[in-house]
Chemist: 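Mind having a look at this structure? Questions to follow.
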Amino acid sequence: MKIGIDKMSFFTSDLYLPMEDLAKARNEDPNKYLIGIGQSKQAVIRNSQDSVTLAANAALKIVDDSEKEKIDLILFGTESGVDSSKSGAIYLQSLLGINSAASGVELKQACFGLTAGIQMAMGHIALHPESRVLLVGSDIARYGIGTLGEKTQGGGAMAMIMSANPHLLEIGTESAHLTKDIMDFWRPLNRSEALVDGKYSSEEFINFFKETFENYIEKENESIANFAAIIFHLPYTKMGLKALRSVIEDLEDQKVKERLLERFEESRYLNREVGNLYTGSLYLSLLSLLHAHSLKAGEQIGLFSYGSGAEGEFFTGRVVEGYEKYITDETVAFLERRTPVSVTEYERIYRSFMEPQIDDCETEFEKDPAPFILKGQKQQQRIYEKQQ
Ligand code: HMG
């Protein structure tokens with residue numbers, strides 16, 4: 001049975017910060033951010049959005065009335081969860097009106113959480129071929145104003161439906177994993193901002209990629225020439241380019257090298273516009289690649305997922321015939337409608353983030369045009385609402 005991704009959608013804030021402006025404000029050469037880091041814009045997440053509302057806004061685009069009845073499992077990947085106990089999947093089920101016979105859980109392993117969901121969904125659908133699984137990866141990447149990581153912030157959510165006989169990508173059953181206890185990036189329970197050893201994390205990203213890629217090639221008797229594209233988790237888009245270069249630099253076949261570089265450029269287009277979105281990042285890159293419509297039916301792509309701490313997985317997918325019909329310009333049009341903010345306004349919004357607190361509070365939800373918003377909290381319960 002063929003199992004894979006049937007539908008995909010993306011949501012982020014209606015506000016962004018031009019990276020050139022951030023570079024100037026931090027007395028850096030804009031080309032360091034635009035080329036050296038590979039980011040053009042950074043999503044500025046309003047205080048009326050959290051991982052639950054971002055996920056609900058993304059999923060709303062693909063969960064119609066018929067899906068609400070059919071979905072039997074909700075897998076919510078995040079490292080920006082809003083409660084230590086209650087899963088974001090329950091809020092999502094309620095906000096979207098998904099039938100109450102569906103089960104749902106939250107999955108956490110840094111940026112790897114959504115990929116863990118992909119593997120769980122594969123097994124679930126293999127046992128229940130009629131199943132339709134809703135997966136979301138939803139996060140806000142915060143490092144702090146003026147920190148080294150600031151230029152790699154961002155946020156947003158990817159939503160996907162997985163099923164048998166999918167319309168977009170069949171996922172391969174084999175993969176290569178690597179798990180190691182390292183401290184490259186982490187976020188203690190008392191913080192909304194990550195702590196990171198930036199250079200070390202970037203080195204480990206490449207080490208994890210090379211090891212899982214080489215293991216996969218060896219155990220599946222594969223060749224790099226059989227991949228139409230290799231795509232990555234993109235904490236900043238230059239990271240993926242560096243990882244790709246590490247396996248193509250010695251290639252003699254220039255055509256394969258050029259093809260992989262061309263496809264990589266297509267796969268980073270949307271991520272350049274948003275910044276890091278942690279769990280959703282690899283899948284935004286997949287959407288970006290599919291959006292270019294350059295892949296042909298049946299072609300194989302490699303996907304590298306990395307979650308700090310750390311876990312890496314290299315797995316594969318095959319593009320389904322006719323996928324182009326289902327990948328519209330909606331995401332690009334949505335990103336083009338956003339409004340730029342100044343560095344001063346970004347800093348104000350950043351500081352207004354709803355940190356865990358005991359007191360009742362209200363967000364600036366009236367300014368937010370998103371369908372689902374976080375209004376604030378009362379008696380330590382978050383108040384969500386759908387705007388008309
Ligand atoms: P930095 O140290 O300020 O930057 O921050 P740099 O000095 O390393 O420069 C970056 C690049 O710009 C370099 O290129 C420079 O040469 C180049 P590279 O050597 O990398 O090829 N450069 C220029 N290029 C063009 N024109 C210029 C110019 N000047 C310099 N004028 C750092 C970089 C990544 C350390 C920082 O942003 C950071 O700490 N970010 C957060 C951590 C991160 O994203 N790590 C990535 C791997 S870990 C991961 O992916 C997991 C994660 O998503 C979390 C999770 O799993 O949950 C983060």
Side-chain angles (χ1 to χ4, degrees), residues 19-20 22-40 42-43 51 77-81 106-117 137-158 178-188 191-210 212 231-246 249 264 268 271-272 274-285 303-314:
M19 291 300 278
E20 203 173 335
L22 181 62
K24 285 180 188 154
R26 302 293 176 250
N27 296 316
E28 299 254 37
D29 179 348
N31 281 338
K32 174 172 176 182
Y33 288 31
L34 299 170
I35 301 166
I37 292 292
Q39 292 300 136
S40 308
Q42 181 171 111
S51 58
T78 187
E79 55 179 297
S80 322
E106 191 169 299
L107 303 168
K108 180 174 75 177
Q109 178 18 62
C111 300
F112 184 75
L114 180 50
T115 302
S138 181
D139 281 294
I140 304 173
R142 290 168 60 84
Y143 291 93
I145 293 171
T147 60
L148 275 188
E150 184 184 35
K151 51 194 166 298
T152 62
Q153 291 178 154
M158 283 299 301
L178 181 64
T179 304
K180 274 189 199 169
D181 181 2
I182 60 168
M183 294 304 277
D184 60 333
F185 165 108
W186 66 105
R187 186 164 67 83
R191 297 176 59 99
S192 69
E193 289 158 343
L195 295 170
V196 63
D197 186 341
K199 295 263 184 281
Y200 176 55
S201 69
S202 302
E203 283 161 20
E204 284 299 323
F205 183 109
I206 294 179
N207 293 338
F208 271 64
F209 167 60
K210 284 185 79 172
T212 52
I231 64 171
F232 301 85
H233 164 56
L234 292 175
Y236 53 97
T237 73
K238 176 76 170 291
M239 183 76 258
L241 183 59
K242 292 206 296 187
L244 180 62
R245 281 180 181 155
S246 75
E249 59 196 355
F264 176 76
R268 71 163 157 172
N271 302 68
R272 277 193 78 95
V274 180
N276 199 350
L277 55 145
Y278 292 162
T279 46
S281 169
L282 169 63
Y283 302 93
L284 182 61
S285 178
L303 301 95
F304 176 63
S305 180
Y306 180 78
S308 281
E311 180 156 357
E313 181 176 359
F314 183 83

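In each ligand, atom 1 is the first atom listed, and ligand 1 is the first ligand listed. Keep in mind that this is a model prediction, so the values were computed, not measured.
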Chemist: Quick test: of every protein heavy atom, which one is nearest to atom 33 (C) of ligand 1, and how far off is it to 0.1 Å?
Modeler: Ile37 CD1, 3.9 Å
Chemist: Do the rings of Phe232 and Phe209 sit parallel, tilted or perpendicular, given the 30° and 60° boundaries?
Modeler: perpendicular
Chemist: So Arg268 and Leu241, do their side chains get closer than 4.5 Å, heavy atoms only?
Modeler: yes
Chemist: N/O of Asp184 under 3.5 Å from N/O of ligand 1, yes or no?
Modeler: no
Chemist: Which is closest to atom 2 (O) of ligand 1 by heavy-atom distance: Lys199, Lys108, Glu150?
Modeler: Lys199
Chemist: Rounded to the nearest 0.5 Å, how far apart are NZ of Lys151 and CE of Met19?
Modeler: 8.0 Å
Chemist: Would Tyr143 count as a contact residue for ligand 1, given that I'm defining contact as a non-hydrogen atom of the residue lying under 4.0 Å from a ligand atom?
Modeler: yes
Chemist: For the atom pair CD (Gln109) and OH (Tyr306), what is the distance rounded to the nearest 0.5 Å?
Modeler: 9.0 Å
Chemist: Between the side chains of Arg26 and Glu150, is the shortest nitrogen-to-carboxylate-oxygen separation below 4.0 Å, so that they form an ion pair?
Modeler: yes
Chemist: Are any of the N/O atoms on Lys151, whether in the backbone or the side chain, positioned under 3.5 angstrom from an N/O atom of ligand 1?
Modeler: yes
Chemist: Which atoms of ligand 1 are found less than 4.0 Å from any heavy atom of Lys238?
Modeler: 14 (O), 18 (P), 21 (O)
Chemist: Please round to the nearest 0.5 Å and tell me the distance separating atom CD of Glu311 and atom OG1 of Thr115.
Modeler: 9.0 Å
Chemist: Just how far is it from atom OG of Ser305 to atom NE2 of His233, taken to the nearest 0.5 Å?
Modeler: 7.5 Å
Chemist: Check whether any N or O atom of Tyr236, backbone or side chain, sits under 3.5 Å from an N or O atom of ligand 1, and answer yes or no.
Modeler: no
Chemist: Tell me yes or no: between the side chains of Ser308 and Asp184, is some donor less than 3.5 Å from an acceptor?
Modeler: yes
Chemist: Can you pull out the closest protein heavy atom to atom 54 (C) of ligand 1? Residue, atom name and distance to 0.1 Å, please.
Modeler: Cys111 SG, 3.4 Å
Chemist: Using protein heavy atoms only, decide if any is under 4.0 Å from atom 46 (C) of ligand 1.
Modeler: yes
Chemist: Between ligand 1 and Phe205, is the shortest N or O to N or O distance under 3.5 Å?
Modeler: no
Chemist: Under 4.0 Å from a heavy atom of Asn31: which atoms of ligand 1 are those, numbered in the order shown and with their elements?
Modeler: 24 (N), 25 (C), 26 (N), 27 (C)
Chemist: With rounding to the nearest 0.5 angstrom, report the NZ to OG distance, Lys238 to Ser202.
Modeler: 10.5 Å
Chemist: Which residue and atom name correspond to the protein heavy atom nearest atom 12 (O) of ligand 1, and how close is it?
Modeler: Gly36 CA, 3.1 Å
Chemist: Tell me which protein heavy atom sits closest to atom 40 (N) of ligand 1, plus the residue, atom name and distance to 0.1 Å.
Modeler: Thr152 OG1, 3.2 Å
Chemist: To which protein heavy atom is atom 39 (O) of ligand 1 closest, and what is the distance rounded to 0.1 Å?
Modeler: Gly198 CA, 3.3 Å
Chemist: Taking 4.0 angstrom as the limit and counting only heavy atoms of Gly307, give me the atoms of ligand 1 inside it, by number and element.
Modeler: 56 (O)
Chemist: I'd like to check whether Leu148 has a polar contact with ligand 1, where a contact means an N/O of the residue lying under 3.5 Å from an N/O of the ligand.
Modeler: yes
Chemist: Distance to 0.1 Å, residue and atom name: give those for the protein heavy atom nearest to atom 57 (O) of ligand 1.
Modeler: Glu79 OE2, 2.4 Å
Chemist: Using a 3.5 Å cut-off on N or O atoms only, is Lys242 in polar contact with ligand 1?
Modeler: yes
Chemist: So if I count the atoms of ligand 1 from 1 in the order they appear, which ones are less than 4.0 Å from some heavy atom of Asp29?
Modeler: 31 (N)
Chemist: Mind checking the OG1-CG spacing from Thr152 to Asn276? Nearest 0.5 Å is all I need.
Modeler: 6.5 Å
Chemist: Which ligand 1 atoms does Val196 reach within 4.0 Å, using its non-hydrogen atoms?
Modeler: 42 (C)
Chemist: Is it the case that the side chain of Ser138 and the backbone of Ala157 share a donor-acceptor pair, with hydrogens and angles ignored and the cut-off at 3.5 Å?
Modeler: no
Chemist: Indicate, with yes or no, if the rings of Phe185 and Tyr278 have centres closer together than 6.0 Å.
Modeler: yes
Chemist: I'd like to check which ligand 1 atoms, numbered from 1 as shown, lie under 4.0 Å from a non-hydrogen atom of Ala110.
Modeler: 55 (C), 56 (O), 57 (O)
Chemist: For Phe304 together with Phe205, are the ring centres under 6.0 Å from each other?
Modeler: yes
Chemist: Quick one: look at His233 and ligand 1, take heavy-atom pairs under 4.0 Å, and tell me if it's side chain, backbone, both or neither.
Modeler: side chain
Chemist: Tell me the protein heavy atom at minimum distance from atom 50 (O) of ligand 1, and give that distance in Å.
Modeler: Pro235 CG, 3.1 Å
Chemist: Run through Leu282, Ile231, Thr237 and flag the one making a side-chain contact (heavy atoms from CB on, under 4.5 Å) with Asn271.
Modeler: Thr237
Chemist: For atom 15 (C) of ligand 1, state whether the nearest protein heavy atom is under 4.0 Å away.
Modeler: no
Chemist: From atom 9 (O) of ligand 1, is the closest protein heavy-atom distance below 4.0 Å?
Modeler: yes
Chemist: Which residue supplies the protein heavy atom nearest to atom 30 (C) of ligand 1, what is that atom called, and how far is it?
Modeler: Lys32 CG, 3.6 Å
Chemist: So, do Leu303 and Glu313 sit near enough that their side-chain heavy atoms are less than 4.5 Å apart?
Modeler: no
